[in-house]
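To start, the structure itself, in structure tokens.
Order of the sequence lines sets the chain letters (A, B, ...), proteins ahead of strands, with each chain counted from 1.
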Amino acid sequence: DAKTTQPTSMDCAEGRAANLPCNHSTISGNEYVYWYRQIHSQGPQYIIHGLKNNETNEMASLIITEDRKSSTLILPHATLRDTAVYYCIVRVAGTQGGSEKLVFGKGTKLTVNP
Amino acid sequence: NAGVTQTPKFRVLKTGQSMTLLCAQDMNHEYMYWYRQDPGMGLRLIHYSVGEGTTAKGEVPDGYNVSRLKKQNFLLGLESAAPSQTSVYFCASHRAVNTGELFFGEGSRLTVL
């Protein structure tokens, strides 16, 4: 699975949009971009994933550049509860096989301030 | 539907003691994983299982053993605990057709004195 690069930390004001970037310049054509988050002391939680089209769900939006070398997770109206570490991961999906090579790096520590 | 449940959630051990962490999932998932997470670090894979009766080593397997006697349960054992094994342990699972979505438990915080 391709490697990703994320900023170590970011701040956002409550009620504003939080835009978390991720670089994945070595992504392959069959690899998806996944985002997870980990609220303090809890298990990581799946947020969203996408291949090349922009995706939106009840939690967030995912914007993937046309060349797929980078993406941005958008939390449209950040709340204090969104303070967490956000992990960007790229991997092949929709096939048989495990996730033993999945790498959860250090992610981006997002702090939402009142 | 409880998802992924880990027990115990907290435990304090003395060096040399043994213990077992239990991970149970009720989603009929084939794949199960044990990770550890140390302060300021990402998750590191300890062991994993691709199905009932199978186990395999991950990135940091030394000092740990695992068993998957039943599909729904994945046990992580520490035969002789060491202070270096003080950590938060997370279990995760997913189904055979890998959509890439891992389901995690809430974590087990282990302290070895």
If hydrophobic clusters are built from ILVMFWY residues whose side chains come within less than 4.5 Å, do [X] and [Y] share one?
X	Y	value
B/L110	B/L43	no
B/Y31	B/Y64	no
A/I74	A/Y32	no
B/L22	B/F104	no

B/Y35 side chain vs A/F104 backbone, donor-acceptor pair below 3.5 Å: no
B/Q17 CD: over 12 foreign heavy atoms closer than 6.0 Å: yes
B/Q37 portion near chain A, given a 4.5 angstrom heavy-atom threshold: side chain
pair A/Q38-B/F90: side-chain heavy atoms closer than 4.5 Å: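 Contact flag for A/Q38/B/F90 side chains = yes.
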Student check: side-chain heavy atoms of B/E101 and A/H49 closer than 4.5 Å: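 B/E101 vs A/H49: side chains apart.
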Value rounded to 0.5 Å, distance of CG in B/L102 from OH in A/Y36: 4.0 Å
Minimum heavy-atom distance between A/S41 and B/R109, given as atom pair plus value: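 Heavy-atom minimum between the residues: OG-NH2, 3.6 Å.
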